[in-house]
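Below: the structure, in C-alpha cells.
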Amino acid sequence: MISKKWLYGAGGIALVLSLSACGSDSKPATTADCPQGAITLSVLRAENNGPTDEQMATYKAANPCVSFKVDQVPFGQLASKISVLGPSANPPDVIGYDSPNTQSYASQGLLLPLDKYLPAGWKDDVAKATLDENSWDGQVYSPGEEQDALALYYNKKLTDAAGIKPPTSLDKAWTWEEAQAAFLKCQQGSGNDIKVYGLAPSRLGNGTPGASYRDLLFLRSAGDPTAPEDSTAFKTFWALSRDGKQVDGWLNTPEAVQAATFYQNMFQGPDQVTSKTGLPSALINNKACFDLEVSSNTATLKKAGVDFGVSPMPYFKTPIVHTGAVTVGVTARSKNADAAAAFVVAISTGDELGTWAEKNIRIPVLKSQADKSVILKKAPYNIAVEEIQQWGQPRPPSPQFTQYDQFVTDALRDIAYGKDPKASLDKAVSQIQPLLGQ
Amino acid sequence: MASGGTALPRKAARTRGEGVQPSSRGTGTRARRLGRSSLRHNALPALGFLTPFLLLLLVFQYVPLVVMAKNSLYSFSLFNPDAGKFVGTDNFVRVFTDATALQSMLVTLLFTIGLLILVIPLSFLLAVYLNGKLAARALIRTMIFLPVVTSAVVVATLWTFLLNQSGLINSALGVLGIAPLGFLTDRNEALPALIVMSVWQQIGLAAVLFLGGLQSIPAELQEAAYTDGAGPVSRLRYLTIPLLSRTTLFVVVIMTVFALQAFAPAYIMTGGAPDGTTNLIIFQIYRTAFYLQQPGYASAMAVIVLIFALLVSLVQMRLLRTRWNY
C-alpha cells in the first residue's frame, strides 16, 4: 500500500514541476552563435504543399538561428485544422493555406498583416489577382508565392486518332460549344457504354463534380464584365456583388442557369462526355481525351511519359480562369511574429522566390521574377502564364468565401447529378445570402 | 417451460442471498462492522486504480460534453471564439426550422432504421449458421469479422471504388446486360447503397455477439425441448429467440448508436450528395462547425443528437426488456 508520505511527496514534486513549467522563461535561449536567441518556428501545412522542406532548408542555411517544426495534414483537412489551431493560445507561427481563404482568416483576426515587412515596391510588382485575393481592408496578409490556373490538357494519341487539333494560343481558344463537339468526336462509346470519355472526371476538391475552383468557371464565363453594372451579364461574371454582400441575382442569373444547364448535359443524356464519379489518371491511362487541370499536371504527365498538349480554358462569352494557389501567412497570435514574417517574406520575394519557382517550374506571383523565367515562356507552360495574366480572376473574394465555396460546390455537384439547375442555384443563394455581411 | 426456467434461478439467487444473512443480532452487528472495515480497507486501492481512468473519462468525455452544452447557447466562429454572443436557445429553435438540419435528421433516421432492419435478422441467421458444425469455422468467422476491425475510412474508400459509375459492381452488372446504376449519384440509390455498405461492415460484430448469446444458452434446455418433441423451427422460435432477448437488446442499442454516429460514409463516399439525401447528421454537424464556421449551432445539433440517442436507447431497453433468464 502506498503510504501517505509517498503520496504527499509525489504530489509535491508534481506541483513543483508544474509551477516550474508555468514559470519557465519563454524567451529564446541565447548562445554564442545566436546572440538574439535561437528560434523554432512551428509550421502547419498541407502535405506536398508550401512552405516546402526545400524552402525551409534554404532559409535555415542563411539564418542558422531559425529552425522549423512542421505539422502537416492532408489538404482536405487543412482548413479545419487551421480553424482549430489558429485561434488557440499556442498557434503555429506559419501556415500554408489556400489563398481564397485569406479574407475569411484576416477578417476574423487569424492572420497577421504583413505590410510593414514587405519590401518597397512590392505592390507594384505583384500580380493584381494575388494582391486582391491576399488583401483585406487595405492590408496585405500574405505575399503569395505562386499562381496557378486551369487549362485544357489533351492526350495527343487520342486527339490525333480522332483528327482533332485543339487551339494552342489564347486568341484561338475554344468556346464551350466547340470544346463539347471535340469531346464528343474524340469520345469512344456513348450512353452507358463509354470506353474513353471526352473529358476526364474532376479530381479536384473531394473528387466529385462541382468544385467551385473549376466548375464555377462555366457560370462566370457566361457573363460579361464590360456590360452595364446593373445587367445580369455583368453580375453573372462576378457571381457575388463587388462589396460581397449580395449573392441573389448574381449567382442565379438567367445566364448562369443556362450555363449550368449546359454543364449538366456534359454528365448525362446524348451529349454526355464525362463521368459523375472519379476515374483516377484517366488521361494517363487513355481513358479520357481531355482533362481540365492545373499547371502542376504537366510534371505528372511528363513523368508518366504521356504525349500531351495544353489548350486554353474554353468559355461561353468571356474567357476566365480562377487564380489563387496555396500560399503562406503568419498567425496573428504567433509568439514569434517578427521571425515568422521575415521567413514568409523571404521565401515569397526576391531571388529566393525566383530560384524556387524556376527549379520547381511554378508561376511566381511577382512579375519581375516571372519575366526572368525562360521555361515559363515556352509551351506547355506559357498557356497557364498567359491565362493568369490576361484572364485571371480571384474566386469571389469575401470574408464568407469558405461558406460560399461550400454551398456553390454542393449546388454544382447536385446539378451534375441531375437536379434542376435553377432550383439548385436558388437553394445555394438562399443558404449563402443570410451569411453575407455577418 | 421457459417461464419455469426463469423463475427458478431468481428464487435460487434470493435463497443464496438469504443464506449469508447473519442468524442473530450480535453476529449481524459484527458482520456489518467487518463489512464496513473491509470496505474502508479496499476503498483506497480501488480509488487509486480507478482515479486515472475516471480522470480521463472526466477530461475527455464529460468536460467536453459540458463545454458543448455551453457552446450550444452561443453564436461564434472557430476563427474568433472570443467574440461569441449569448443567444440562449436560439440555436435549438433554429435546428427545428432549418430545412437542411431537418433533412439530415430524417436521413439519419432512415439510415438507422435501414441498418437495423437488415443487420439484426441477417446477423442472427449468420450466428445460427456459425454455431453449427462447420469445416474451417475459425476461418469463416475471421472473414466475417474482418470488416469490423478494418478502418471505416478504408471501408468507405473501398466501397467508393466498388460503387463508382465505372466501378466493379457496375462492370459486373454490365456483363449481365444491366445498365450502370448511380449508386453514389442517384438520390434514390445513394442512401440504400450506404446502408448496404454499413451492414457489410457491421454484420460481423452483430453476428459475433449473437454467437456468444447462442453459445451461452444451456444445452440442457435444447435437449429438454428436443425430448419434448420440439422441432428445429419451434426450438428457434420458442426457445432460442426468447432466451437471446438480452443479446438482441444489446445488439440493437449498439447498432443504433453506430448508425447515429456514422460519419465516414457521408464524408468519404458522397459528401452528403445527391441533394442532401446522404447527409448524415454527424457529417452535417462537422460541416456546420468547420466549413460553415458555426460551432455554436453545430453544438446545439450535437446536444439534440445526444439526447435523441439516450431516449432511443431507453425506449429500446423498455420495449425489448427481457422476461427470460437462464
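Basis for what follows: all heavy atoms, side chains included, without hydrogens, waters or symmetry-related copies. Keep in mind it's a predicted model, so treat the numbers as computed, not measured. So that the names make sense, note that chain A is the first sequence line, chain B the second, and so on, each numbered from 1.
Of the two parts of A:Asp405, neither the backbone nor the side chain holds a non-hydrogen atom closer than 4.5 Å to a non-hydrogen atom of chain B. With a 4.5 angstrom heavy-atom cutoff, A:Thr208 does not touch chain B via any of its atoms. Only the side chain of B:Asp82 comes within contact range of chain A, with at least one heavy atom under 4.5 Å from a heavy atom of that chain. The contact between A:Lys276 and chain B is made by backbone and side chain atoms together, counting heavy-atom distances below 4.5 Å. When heavy atoms are compared at a cutoff of 4.5 Å, A:Phe407 approaches chain B solely by way of its side chain, counted from C-beta outward. Residue contact with chain B, scored on non-hydrogen atoms closer than 4.5 Å, is absent for A:Lys287. Heavy atoms of B:Arg187 lying under 4.5 Å from chain A are absent altogether. For chain A, the nearby part of B:Thr100 is the side chain; its heavy atoms alone come within less than 4.5 Å. The part of A:Tyr197 that comes within reach of chain B is its side chain, from C-beta onward, which places non-hydrogen atoms under 4.5 angstrom from that chain. No part of A:Ser88 comes within reach of chain B, as not one of its non-hydrogen atoms sits under 4.5 angstrom from that chain. A:Gln77 touches chain B through its side chain: at least one heavy atom from C-beta onward sits under 4.5 Å away, while N, CA, C and O do not. At a 4.5 Å heavy-atom cutoff, A:Pro209 makes no contact with chain B through either its backbone or its side chain.
Counting non-hydrogen atoms of other residues, nucleotides and ligands closer than 6.0 Å to NZ of A:Lys419 gives a total above 12. For B:Phe60, the CZ atom sits in a loose shell: 12 or fewer heavy atoms of surrounding residues, nucleotides or ligands are nearer than 6.0 Å.
One side chain, A:Gln108 or B:Ser77, offers a donor N or O that lies under 3.5 Å from an acceptor on the other. Under 3.5 Å, the side chains of A:Ser80 and B:Tyr286 contain a donor-acceptor pair of N or O atoms. Counting only N and O atoms by type, the side chains of A:Tyr97 and A:Thr102 include a donor and acceptor under 3.5 Å apart.
For B:Phe79 and A:Tyr105, the distance between ring centers is under 6.0 angstrom.
A distance-only check finds no donor-acceptor pair linking the side chain of A:Thr331 to the backbone of A:Leu111 [under 3.5 Å].
Among the candidates B:Ile268, B:Thr185, B:Asn80, the residue making the largest number of heavy-atom pairs closer than 4.5 Å to chain A is B:Thr185. Contacts with chain A were tallied for B:Thr160, B:Leu163, B:Asn164, B:Thr270; B:Asn164 has the most, counting heavy-atom pairs under 4.5 Å. If you tally non-hydrogen atom pairs under 4.5 Å between each of A:Ala79, A:Gly109, A:Gly76, A:Gly278 and chain B, the highest count goes to A:Gly278.
The two residues B:Gln293 and B:Leu78 have their closest heavy-atom pair at OE1-N, 2.9 Å.
In this structure, the side chains of A:Leu216 and A:Arg395 stay at 4.5 Å or more apart for every pair of heavy atoms. No side-chain heavy atom of B:Leu280 sits less than 4.5 Å from a side-chain heavy atom of B:Phe263.
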